[in-house]
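Working notes, beginning with the structure itself.
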Number of protein chains: 2
Amino acid sequence: MRYRNIPSETIRRLPIYLRALHILKRQNKTTISSSGLSEIVAVNSWQVRKDFSYFGAFGKRGSGYDIDELAKQISKILKLHTRHRVALVGVGNLGSAVLAYPGFEPYGFDIVAAYDSDPKKIGKKIHGITVENISELRGLRKDKIDLALIAVPESAAQQIAEQLVKAGVKGILNFSPRHIQVPKRIKVFTIDIAMDLARLPFYIA
Amino acid sequence: MRYRNIPSETIRRLPIYLRALHILKRQNKTTISSSGLSEIVAVNSWQVRKDFSYFGAFGKRGSGYDIDELAKQISKILKLHTRHRVALVGVGNLGSAVLAYPGFEPYGFDIVAAYDSDPKKIGKKIHGITVENISELRGLRKDKIDLALIAVPESAAQQIAEQLVKAGVKGILNFSPRHIQVPKRIKVFTIDIAMDLARLPFYIA
DNA sequence: TTGTGTGAAAGTTTTCACAGCA
DNA sequence: TGCTGTGAAAACTTTCACACAA
C-alpha cells in the first residue's frame, strides 16, 4: 500500500503505539510482536499490522518488530523526529496543569512560551516559564513556534485562535469548550473534557 | 430508523450538539435549523438531521428545531436528564484543575468526592471539596457514585481503576497516559493530551 | 416556500484469511 | 514453525437527493 489513502483512524492510533513502545523500552524489551503490542493498546493484532503496512514493512516474519526501529519509524511518520516548540495561551487552572504536565517531553514537545491577560500573572514564573502579556503574541513568529495550546475561557478562544494564526501558528490544541474557526490550512484539535464525560452515562447500564 | 444500530460516531456528536444548544439558549434563541446548527458545530446539515433521525423526528418542517425541546431530547438519550455524582481520584496539578473546571455543571455532573494518597493533601479543602484518603475508596458505593475521573500518575492508574470497579463505579474518564483494563461492563474513555498534540505535526505542512 | 426525514449510493474502516518469508 | 503483510469481503459511516409536511 505504502503511503496513500491512509485512514485518519490509523493516524489517530500511531501515537498510541508510540506510547506503548516507550513503555516497552523502559522495560528493557527489544522486540515485540503485533499481538504483544495489541494487548497493551487494546487494538487487534491484524489492525496493528495493517496500520503499519500503510507505511512500509517494518517487521521481521517470525520474530516481530524491533522496538527502537519501530518507534523511530512512527516518529518519522508523525514528524516527531525533530523537536517542536509550543506556546501556551491562558495560564489559569487548566493552563498551569498543562505547563506542569511531564507527558509532552517523550514526544519531543517543549513548551517555550506562556501568555495570559491577567496583570497579576504577567512576569511571574510558573513551572519554569515566565508568563508574557497576551498582547505580545505576534512575537511567536520570530521564536519559530508553530504549535499552540489554547486554555483560555470559551469567550476568548476564537479571538486568540485568530491571533495565533496571524502569528504563524500552524497547529492548535484547543482546550476551550467551543469549536474554533480557522483557515483550512491550520489544523485544530479540540479537547473538551466535559464532552467525553457526557457520553459515559449513555454506555452504562 | 428509531433507536437501532446507532453509529458510535453519532453518540460522539450528540454532546457537541448539546453544547451548541446551550450557547444558543444563552443567546436567547428559541429555534434553530439543521444548517444553523451545522455552522456552529462544523458538521454538515444532513449529518445533523441524520443523527437526530436515529432517535425520532424532533424538528418541524419549514422552521427547524425548538432549542429547549431538542436539548431535552438529547439529554434524555445521553441519560443526562438526571444529575450524576462523580468522584475524582488524584488531586495533583491536573486533578485540581479538573476540580475547578466549571464546564461539567451544564451537563449535570457534580464532583462530590476527591481522593489522594498524599498525607499533605488529605483533609485539605481544594476548590470546595475535602480530599479523602485513597484507602477510603470503597466508600463510593454508599455515596451512590457511579462515575469517576482518574488523574493519578501512570504507574498507579490500573490499580486505582480496579479499586473503583470494586467500589461500584460503572464509567471512568481516565486522564493518565495508559490504557487501563477493566471488565467489559465498565466503560472507560481515556484522554491523553499528549496523544492529541502528537498527531498535529503530521497534518501541518 | 423552507427545511425536515430518510432510503439508497458512495466512501471509509475493520475484519478475515492466508500466502510467504525468516 | 511463528509471525508479518496484504488483497478481498464485510461492516460501518457519510453523503446525496428528493418526497413531503408546516
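Numbered from 1 within each chain, the chains take letters A, B, ... in sequence-line order.
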Could you check how far [atom1] of [X] sits from [atom2] of [N], rounded to whole Å?
| X | N | atom1 | atom2 | value |
| --- | --- | --- | --- | --- |
| Gln73(B) | dT4(C) | CD | C1' | 15 Å |
| Phe58(A) | dG5(D) | CZ | P | 9 Å |
| Ile32(A) | dG2(D) | CD1 | C1' | 15 Å |
| Glu69(B) | dT4(C) | CD | C1' | 15 Å |
| Asp51(A) | dT6(D) | CG | C1' | 13 Å |
| Asn5(B) | dG7(C) | CG | C1' | 15 Å |
| Ile11(B) | dT13(D) | CD1 | C1' | 14 Å |
| Gln47(A) | dA17(C) | CD | C1' | 16 Å |

Within the 4.0 Å heavy-atom criterion, would you say [X] contacts the bases, only the backbone, or no part of the nucleic acid?
| X | answer |
| --- | --- |
| Ser63(B) | sugar-phosphate |
| Ser8(A) | sugar-phosphate |
| Phe52(A) | nothing |

For the [atom1] atom of [X] and the [atom2] atom of [Y], what is their distance to the nearest 0.5 Å?
| X | Y | atom1 | atom2 | result |
| --- | --- | --- | --- | --- |
| Lys50(A) | Ser53(A) | NZ | OG | 5.5 Å |
| Leu24(A) | Leu70(A) | CG | CG | 10.0 Å |
| Ile111(A) | Tyr101(A) | CD1 | OH | 11.0 Å |

Phosphate contact ([N] OP1 or OP2) by [X] side-chain N/O below 4.0 Å:
| X | N | result |
| --- | --- | --- |
| Arg12(A) | dT12(C) | no |
| Ser34(B) | dG3(C) | no |
| Asn44(B) | dT15(D) | yes |
| Tyr65(A) | dG5(D) | yes |

Among [options], the one nearest [X] by side-chain distance:
| X | options | result |
| --- | --- | --- |
| Ser53(B) | dT14(C), dT6(C), dT14(D) | dT6(C) |
| Glu9(A) | dG5(C), dT13(C), dG5(D) | dT13(C) |
| Lys50(B) | dT4(D), dG5(D), dG7(C) | dG7(C) |

Legend entry - Mutual orientation of the aromatic rings belonging to His22(B) and Tyr107(B) [parallel < 30°, tilted 30-60°, perpendicular > 60°]: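 Tilted: the ring planes of His22(B) and Tyr107(B) meet at 30° to 60°.
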Inset, instruction - Please test Asp192(B) against Thr190(B) for side chain to side chain donor-acceptor pair (under 3.5 Å), starting from the C-alpha separation and ending with a verdict. - result: CA-CA 6 Å; Asp192(B) 182 342; Thr190(B) 296; over 6 Å; no
Legend entry - Presence of donor-acceptor pair under 3.5 Å, side chain of Lys60(A) and base of dG2(D):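 No pair found.
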Inset, instruction - Output, in order, the C-alpha distance, side-chain angles, deciding distance and verdict of side-chain contact (heavy atoms from CB on, under 4.5 Å) for Lys72(B) and His81(B). - result: CA-CA 7 Å; Lys72(B) 203 174 285 179; His81(B) 56 305; over 6 Å; no
Legend entry - Min side-chain heavy-atom separation Leu200(A)-Lys187(B) under 4.5 Å: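 A side-chain contact under 4.5 Å exists here.
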Legend entry - Validation row: Ile32(B), Leu21(B) side chains within 4.5 angstrom (heavy atoms):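 Yes - at least one pair of side-chain heavy atoms lies under 4.5 Å apart.
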Please tabulate, one pair per line, each protein N/O and nucleotide N/O from nucleotides 17-21 of chain D that are separated by under 3.5 Å, including the distance.
unit_1, atom_1, unit_2, atom_2, d
dC20(D), O2, Arg61(B), NH1, 2.9

